[in-house]
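Take a look at the structure set out below.
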Amino acid sequence: MTANTSNPGIPRRTQVVIVGGGPAGLLLGQLLHRSGIEAVLLERRSRAYVLGRIRAGVLESGSVSILREAGVGDRLDQEGIPHDGCFLSFANKGFRVDFAGLAGRSVTVYGQTEITADLYAARSRSGATTVHGVEDVTLGDIDTASPHVSFVTESREHRIDCDIVAGCDGFHGVSRKSIPLDSMTQFERVYPFGWLGVLSETPPVSDELVYANHERGFALCSMRNPQLSRYYIQVGLAERLEDWPDARFWDELRRRIPAAAAAELVTGDSIEKSIAPLRSFVAEPMSWGRLFLAGDAAHIVPPTGAKGLNLAIADVRYLHEAIVGFFTGDPTVLDTYSDTALSRVWNAVRFSWWMTNTLHRYPDQTEFDQRMQETELAYLSGSTSAQRVLAENYTGLPL
Ligand code: FAS
Ligand code: PHB
């Protein structure tokens, strides 16, 4: 690594530049470090800002294994909550899908916030270079064998030459946009609703997640631990946070979940409240020259299937293997990364799309549409085969 005179902590050259310090970038950095490969990580926001984000909550069993292999599974094993099933409800009726019995595997509830904290702690221990507060990040010569990344930090310009650029900078990042549009195909569906999420220091209404289809709209009861609950209700795209005081949120949630659950609901002040839009998006291919996209930089799924974070982790596992192959004499394995990752991405995109369509109420939905949803859910409630399909996809298809 060649030191950079204007800022000794920032090298002029390294093997891999990772753009984005969310879960994808941090996990890739951790796996590469453990493989003896140098990677400089560039993050636009401060570490505190990234650690303050409240996002995903459910980990597939494959994701848990990968985090353990990365050496960041200790707290996850102590504090993560295994879930062997979940509930779905419609027309005030509910039924349980037995993940363990039907798919032979479970999921673990452990917040993305905690995963990011564990990964940042590991990165600090590794001593690898992380630059926060970067601006004007620009990828150069990514279609050659000598790519480089330029950026500004503390009003100084920097350039890092490297062998590989990992674009882990999320949907709004610069990496995907650095690929010529005529070299890429983008697939997208924007849903006509969003999720209003609340975090509250209250005991969860149920030991397992409850996904509710209701004619007023979707609702989800989740948690982070026995004293920290996470709830969501579907809202229209024009809804504003200021129109949703806590009391209104709790009243609406009670109306959408089964009466038995509503009777158990413990309400409290929200300690976080946000509205997230829902979209399905896939960019093909997930690589161009020496640039490789992972996580939300390449794809977005509606959170209904709890797939976003898990897809990011699976991408990183494949990309790590490909990069190790490149540096140990087998450059061809990088060529297969995009196809390998996309085959898993599309399965998750389909499942998340199906869960979203089955559980949400569309603004222009007719009574017939609502009856079709309820009929599908009624069939699901009585069919072990149909529940097995849901259980296999929800707990994560084999990596
Ligand atoms: P991220 O977006 O997490 O991280 C990208 C990082 O790149 C960010 O830290 C950003 O600051 C940085 N960055 C951006 N541009 C940059 C630049 N030019 N230079 C340097 N850095 C740059 N998934 C679920 O499974 N369940 C959920 O309930 C769920 N809820 C969500 C709610 C919201 C509001 C959002 C936005 C997403 C949610 N997701 C959920 C999906 C989410 O968990 C993502 O899948 C996950 O964060 C993906 O991780 P990354 O790919 O690392 O992207
Ligand atoms: C969450 O706990 O934040 C969560 C759980 C399951 C989902 C989406 C979000 O499908």
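Both ligands and their constituent atoms are indexed starting at 1 by order of listing. Keep in mind that this is a model prediction, so the values were computed, not measured.
- Classification of R13 and D163 as a salt-bridged pair holds, one side-chain N sitting under 4.0 Å from a carboxylate O.
- Salt bridge annotation for E208-R96: present, with a cationic side-chain nitrogen under 4.0 angstrom from a carboxylate oxygen.
- Both the backbone and the side chain of D296 come within contact range of ligand 1, each with a heavy atom under 4.0 Å.
- Under 4.0 Å from ligand 1, heavy atoms of P23 appear from its side chain as well as its backbone.
- Heavy-atom minimum distance, R55 versus Q112: CB-OE1, 3.6 Å.
- Taking the six-membered ring for Trp and thresholds of 30 and 60 degrees, W195 and F218 have nearly parallel ring planes, at less than 30 degrees apart.
- Screening D335, D330, T336 for a side-chain hydrogen bond (donor to acceptor under 3.5 Å, both in side chains) involving T332 leaves a single residue, D330.
- Of the polar atoms of L309, at least one N or O is found under 3.5 Å from an N or O of ligand 1, judged by distance alone.
- Considering backbone and side-chain atoms alike, V19 places every N or O at 3.5 Å or more from each N or O of ligand 1.
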Dump the pairs for me: ligand 2 N or O, protein N or O, distance under 3.5 Å, to 0.1 Å.
from	atom 1	to	atom 2	distance (Å)
ligand 2	2 (O)	S222	OG	2.6
ligand 2	2 (O)	R224	NH1	2.7
ligand 2	3 (O)	R224	NH2	2.8
ligand 2	3 (O)	Y232	OH	2.6
ligand 2	10 (O)	Y211	OH	2.8
ligand 2	10 (O)	P303	O	2.7
ligand 2	10 (O)	T304	O	3.2
ligand 2	10 (O)	A306	N	3.4

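- Compare S178, G21, G22 by their heavy atoms: the one nearest to atom 4 (O) of ligand 1 is in G22.
- Contacts between A297 and ligand 1 below 4.0 angstrom, taking non-hydrogen atoms only, are absent altogether.
- Distance OG1/T14 to NE2/H148: 15.0 Å, rounded to 0.5 Å.
- Of the polar atoms of W195, none of the N or O atoms is found under 3.5 Å from an N or O of ligand 1, judged by distance alone.
- The aromatic rings of F249 and Y231 sit tilted relative to each other, their planes meeting at an angle between 30° and 60°.
- When heavy-atom distances to ligand 1 are checked against a 4.0 Å cut-off, K307 comes that close only through its backbone atoms N, CA, C and O.
- Where the criterion is an N or O separation shorter than 3.5 Å, residue side chain and backbone included, R55 meets it with respect to ligand 1.
- E43 and R45 are not joined by a salt bridge, as no carboxylate oxygen comes within less than 4.0 angstrom of a charged side-chain nitrogen.
- Of the candidates L59, T108, D74, L67 forms a side-chain contact (heavy atoms from CB on, under 4.5 Å) with just one, namely L59.
- At a 3.5 angstrom cut-off on N or O pairs, R44 counts as close to ligand 1.
- At least one N/O-N/O distance between A24 and ligand 1 falls below 3.5 Å.
- R75 and D77 are not joined by a salt bridge, as no carboxylate oxygen comes within less than 4.0 angstrom of a charged side-chain nitrogen.
- Short contacts between ligand 1 and Y232, defined as distances under 4.0 Å to a heavy atom of the residue, involve ligand atoms 28 (O).
- Side-chain contact between F351 and Y394 is present, with heavy atoms from C-beta onward closer than 4.5 Å.
- Under a 4.0 Å criterion applied to the non-hydrogen atoms of L42, ligand 1 contributes the atoms 20 (C), 21 (N).
- A salt bridge links R256 with E252: at least one charged nitrogen is closer than 4.0 Å to a carboxylate oxygen.
- Closest to atom 23 (N) of ligand 1 by heavy atom, among G20, S222, A56, is A56.
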